[in-house]
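Just so we're clear, the structure is a prediction, and the values are computed from it rather than from any experiment.
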Amino acid sequence: MAAAENAPFVVDNVPALEKKIAQLREAQQKFSAFSQQQVDKIFRAAALAANKARIPLAKLAVEETGMGIVEDKVIKNHYASEYIYNKYKNVKTCDVIDRDEVYGTTTLAEPIGVIAAVIPTTNPTSTAIFKALLCLKTRNAIIISPHPRAKNSTIEAARVVLDAAVAAGAPEGIIGWIDIPSLELTQTVMREADCILATGGPGMVKAAYSSGKPAIGVGAGNTPAIIDSSADILLAVSSVIHSKTFDNGMICASEQSVIVDRQIYDAVKKEFKLRGCYFLKKDEIDKVRKTIIINGSLNAKIVGQSAHRIAELAGVSVPEDTKILIGEVTSVDISEEFAHEKLSPVLAMYKAKDFDDALDKADRLIKDGGIGHTSSIYCNVLTEKEKLEKFQNRMKTCRILVNTPSSHGGIGDLYNFKMTPSLTLGCGSWGGNSVSENVGVKHLLNIKTVAERRENMLWFRAPEKVYFKNGSLPVALEELGEMGKKRAFVVTDNFLYKSGFSKCITNKLEELGIAHHVFSNVQPDPTLANATEGSHEMAEFEPDVIIALGGGSAMDAAKIMWVLYEHPDVSFEDMSMDFMDIRKRIFKFPKMGEKAYFVAVPTSAGTGSEVTPFAIITDQETGTKYPIADYELLPDMAIVDADMMMNAPKGLTCASGIDVLTHALEAYASVMASDYTDALALKAAKQVFEYLPSAYINGANDPVAREKMANAACMAGMAFANAFLGVNHSMAHKLGAYHHLPHGIANALILTRVMRYNADPTPRKMGTFSQYQYPHTLERYAEVARYCGFGGKNDKESFDNLLKEIEKLKKTIEIKPTIADYGIKEEDFLATLDDMVENAFNDQCTGANPRYPLMSEIKEIYLAAYYGK
């Protein structure tokens, strides 16, 4: 831009203003490239200059506006420079302001651009200094719109800051102003700027928020101060006078009303009189009422005037050195003139019957005139904590001050050094503001967060003790005696109990001198009602150890009984609540194990429930199965003794065995798979292929196969306890619930179809987990194939070989090819299909699937599994 274009000119019309804003944008563009060191040098120089000019600027403000007290405006100017500088001198506002190497986040600060600053007549120099310094610290340009009755003092304050900033290296013209303010120019500047800092009356703030640009405006104040019966009267009265007389009461946070407990009312009144305050007589109150508010609005002639001058205007005679005019009134309705914000040393005083009455009065005063701004209380904070808590909970204000002059306390850093120093006090949504705190540099920055990809911390969790090998049961149970356990509650099903399976446990408990009780009514697919029944017996027996004996049903039921025994008030709906990340779940599971130690003894090689944090419970009303998951459900001890599984029937061996393979394959393909779970899943899968056929065909005649399958089930359980499962299990849960298929069979009927679905190298959607970088399930399945001895010349061939071996295994253990083959009628299947699809999609297991399934895709898999496509 040419030098002539940069020359000073008067901004008194829209074209001139637009030219000034163009200059500001050019200056700000240069400023945005400054370093933190350069900015801090400019910020310091500008603050020093404003501080040095505090007295002449104060004189100019009072001379021009006829408001306030020079000495107090000196303090305001001093505060706006020194306190703001001290607060932000070491704050980073340029480029990188924070870096977290561990979490991979970098935070950068950038300026907003051109800030429009509307300056009030009440604080024409201090507010200009404050806003200009904030903009310099944040590399923003600022265009100031002064109040017409304070333009000279406001412009001079801005000029002082600008000259010092430019001398310290800031771009020419980084601060600008309107020379001849008008409504049109103020509206233009708000419309053309990038953000608005508006301080002024309600109309001005509303205009800022209606401008179409981001605005930071502040609402009106009407601060009530409760003086409780426990208050230090001398402190309270002195503080109110100190605050209310400061600059003749023009700070918006100053007290407008005092509400005094009747027990100390006379003493408080006496103290106010003693310190030079004047209590208006009845007829004088009426005169002052008519002077405070004219035609429903605050009379501008009283703002910032002395008490004596306001009394003169009202036709009331008071001593010249009167500090405050006090009107004793009763109504807190807006129709009472004394209930308004008065911006002058005029104060309303109310007598409260008790503390609750005081709260009611304060609440009404705030709601009618100062909601969101500031409230104040004087009380003994040591003895009246309950009152203070009621006050802070009741008041809808963003600043709640305790035993503090509210003018000084509200602006911060004078009576509480954690309160941010500011001359722009946000009132939150209550006051129609965008901020609810004292405005500072953070509100004038655009913050950019650079987030590098990071992987979640994973874990591996298992029971503290896992016993295995044939014959390990009695040896493991001896530990209960060594632990000093006295009462054992055994949970099993009726078949195992009547078959004498529980004898090996109860006999050992008797040998150890441990009293016992057997609950043998566990149902297949146990319901909440079933678990509740057991928990009632448990509560009566009061065990210190729980032993779950059986397959998945017994262990699932026992886990829920355990929860209900230790925490009878826990909600089943809460426990079954789905989560995306177990560490971030909304429902926090209660701490388990404080009443009873949990031991799991499986009698089938399948679910792996003895080492998992899962339990499947059925809603007896709807038949829906809910997978409940939390590591608090993890058993303390698992005893994997294959002797307990030797005579398992072929149907159970088949269903539970194929379930083991599904666990291993889903854990290996899971988005949460890790080196630790991979090793267990691979070994488990290999042992299933090697030993399930013989375990199924030969049963107890091949004890090695039985033992290997028991170990495979436990290893696969530990794998999916930490890597979780996938959509195969989600679909199987619903297929089993709706059509009463054994869980393992339900898994088998859809297994290879789900694997083909997951192996698609270009799925519509992939699973979401930070460790899961891209679709690679085909390669993962190929790794399983090669480990199990089915490798081909490439991944595709290896995968095909794995599918063939799974189908071959299913045929060997006599699993039928389709859902229809199990006698499920087509009309029944189709009638439930849509519900199954939606419930499967919503199942807890779905989230860890490597391919994020659409409901339409789940439906296609179900249909293919039914018809054999």
Original post:
Is it true that atom CZ of R44 has more than 12 heavy atoms of other residues, nucleotides or ligands lying nearer than 6.0 Å?
Top reply: no
Subject >> NZ/NE/NH1/NH2 to OD/OE distance under 4.0 Å, R364 and D368 >> reply: yes
Original post:
Is it true that atom NZ of K87 has more than 12 heavy atoms of other residues, nucleotides or ligands lying nearer than 6.0 Å?
Top reply: yes
Original post:
Short question: side chain of K290, backbone of I285 - any donor-acceptor pair under 3.5 Å?
Top reply: no
Subject >> Distance-only donor-acceptor check, side chains E255 and T223, under 3.5 Å >> reply: no
Original post:
Do E156 and N152 have side-chain atoms, one donor and one acceptor, less than 3.5 Å apart?
Top reply: no
**OP:** Take atom NZ of K213 as the centre, draw a 6.0 Å sphere, and report whether it contains more than 12 heavy atoms from other residues, nucleotides or ligands.
**Re:** yes
**OP:** Answer with yes or no whether the side chains of D333 and S335 bring together a donor and an acceptor at under 3.5 Å.
**Re:** yes
Original post:
For S297 and N295, does a side-chain donor sit closer than 3.5 Å to a side-chain acceptor?
Top reply: no
Original post:
Using the benzene-type ring in the case of Trp, are the ring centres of Y88 and F43 under 6.0 Å apart?
Top reply: no
Subject >> Intermediate values then yes/no, side-chain contact (heavy atoms from CB on, under 4.5 Å), C277 and I241 >> reply: CA-CA 8 Å; C277 299; I241 294 172; 3.7 Å; yes
**OP:** Check N433 against Y209 and note the closest heavy-atom contact, atom names and distance.
**Re:** CA-OH, 3.2 Å
**OP:** For Q256 and S254, test the side chains for any donor-to-acceptor distance below 3.5 angstrom and give the result as yes or no.
**Re:** yes
Subject >> D100 versus T105, side-chain donor and acceptor atoms under 3.5 Å >> reply: no
Original post:
Can any side-chain N or O of R99 pair as donor or acceptor with the backbone N or O of T107 at less than 3.5 Å?
Top reply: no
**OP:** Check the surroundings of atom CD in Q29: do more than 12 heavy atoms from other residues, nucleotides or ligands lie under 6.0 Å from it?
**Re:** no
Subject >> Under 3.5 Å: donor-acceptor pair, side chain of N248, backbone of G304 >> reply: yes
Original post:
Stepwise, does the salt bridge (charged side-chain N to carboxylate O under 4.0 Å, His left out) test hold for D363 with K367?
Top reply: CA-CA 6 Å; D363 184 52; K367 286 178 179 176; 3.1 Å; yes
**OP:** Would you check if there is a donor-acceptor pair between the side chains of S211 and R191 at a distance under 3.5 Å?
**Re:** no
Original post:
Salt-bridged, K387 to D228, with N to O below 4.0 Å?
Top reply: yes
Original post:
Have E341 and H373 got a donor and an acceptor in their side chains that come within less than 3.5 Å?
Top reply: no
Original post:
Any side-chain donor-acceptor pair under 3.5 Å between R399 and N438?
Top reply: yes
